[in-house]
Structures are given as structure tokens and as C-alpha cells.
Amino acid sequence: MTQALLVIDVQNDFCPGGALAVTGGDEIVAGINAKMVNFDAVVLTQDWHPAGHSSFASTHNADPMSMIEMPYGPQVLWPDHCIQRTPGSAFHADLQTDRADLIIRKGYNPAIDSYSAFFENDKTTPTGLEGYLRNRGIDRLTLVGLATDFCVNYSAVDAAKLGFDVTVDFALCRAIDFDGSLDAAKTEMANAGVTIG
Ligand code: VGL
Ligand code: ZN
């Protein structure tokens, strides 16, 4: 099988000190770098929001971590994070980005959030990653990164639904774990046929 490592959102804003810090988010960087050598391809994703993005609580004068109903369904409102070209949107300084074949940005449409590396949160607008992977003959994916219960989960479930053989390496992921989101994500991944490695 031809295998890709999909490294989800290892960016400063998801690491300690960042705007949407995930506990221990920086602890996984060395392990991810070490793992890259075992794969035919390495793909990085980068959460990449314009200022005033519709997923930001500040845009709606709402409290961070409250919920809103969007045309495509319920949406968590986040603190402002990963704003294009800010230090928070940069990859963690120690992440080995030279090894990346592809960097895919997501969440740049002001009106739609995009947790998954494959589809925006409307679940229909593709990012193009599926075509890239198929064109390269990649059929097996291992996912690592941030956050387990949001962007890793959505990416893993979509990849499995698209027919890829998907493993999530939990040791190289960290979770936001907000309001039961980690347990829910584990169930969703298991139901989709994702292997927890
Ligand atoms: C993420 C919330 C908002 C993630 C991105 O990378 O899991 N979570 N934007
Ligand atoms: Zn985001």
C-alpha cells in the first residue's frame, strides 16, 4: 500500500500560549517529525482564517465556546485563532515542514468553517485533498495532530467514508475535550471504521 502521513493543524495557536491552546499540543511535535520518514508522502494542514471569520465568537459578539446555528448546521464559536499570516497561524517552529509534499489550507472561506482536510463544514465543498491523494496512488492514511476531537476527527471520518484505510495515532494527537467532544469523537471514528493506533 502507498501511505501518507496527514499532519493536522500543528500550529502555534493550538499549542500552549496560543489563542486556542490544546493541552500538551507541543508535546507531539518531535514524535511527528520522527514518524515522517516512514511514509511515501507527508501532507500538512493549516487552519487559515481571515480576520472576522464566521467561526469566531467575536464576530457574533458571543462568548467563546458557545454554539450558533449556521446554514450548514450547529457550529462552535471559537476564540479568534489561526488568522492568516499572524504568528499564531504559523506551524510550530520545530515541526519539520521541509518534508511536506503538500500543505493544504482550510477555513479561508469567511462563511464556512472547515475542520476536515477533505470537506468544509457544509460537508459538500471539497478541499481537493482527495484528488491529490488518489492521483498519487495513496490508499492508506495515518493521521496525527490537533485537535483529536475536531479537525483530526472530522478528517479521519471523511477519509474513511471516502474509502481510504485510516489510522489515527492517538499518542501523536491532543484533544480540546470540550463538553464531551473527545468521547463523541472516539465513537464517531470507531463507527466510521477508523483504526485507533
Ligand atoms: C480546530 C477548532 C477550530 C482544530 C480548528 O484544528 O481542531 N478546532 N479550528
Ligand atoms: Zn479554526
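Order of listing sets the numbers, starting from 1, for every ligand and every atom in it. No experiment lies behind these values; they were computed from the predicted model shown.
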Taking N, O or S atoms only and a limit of 2.8 Å, check whether Cys82 reaches the Zn ion (ligand 2). no

Give the residue, atom name and distance (to 0.1 Å) of the protein heavy atom nearest atom 4 (C) of ligand 1. Cys151 SG, 2.8 Å

To the nearest 0.5 Å, what is the distance between CG on Asp63 and OG on Ser58? 11.5 Å

Test item: Ser89 side-chain N/O and Ile83 main-chain N/O as donor-acceptor pair under 3.5 Å: yes

Nearest 0.5 Å, please: how far is CZ in Arg134 from OG1 in Thr2? 13.0 Å

How wide is the angle at the Zn ion (ligand 2) spanned by His49 NE2 and Asp47 OD2, rounded to 10 degrees? 90°

If I apply the N/O under 3.5 Å rule, does Lys106 come out as touching ligand 1? no

Under 4.0 Å, heavy-atom basis, I'd like to know which part of Leu146 is in contact with ligand 1: side chain, backbone, both or neither. backbone

Nearest neighbour in protein (non-hydrogen) for atom 6 (O) of ligand 1: Asp9 OD2, 2.6 Å

Does either side chain, that of Asp47 or that of Gln11, offer a donor lying less than 3.5 Å from an acceptor on the other one? no

Polar contact flag for Ala147 and ligand 1 (N/O pairs, less than 3.5 Å): yes

Nearest-0.5 Å distance, CG of residue Leu172 to OG1 of residue Thr148: 10.5 Å

Quick check, are the ring centers of His81 and Phe14 under 6.0 angstrom apart? yes

Can you sort out which atoms of ligand 1 are near His81, meaning under 4.0 Å from one of its heavy atoms? 3 (C), 9 (N)

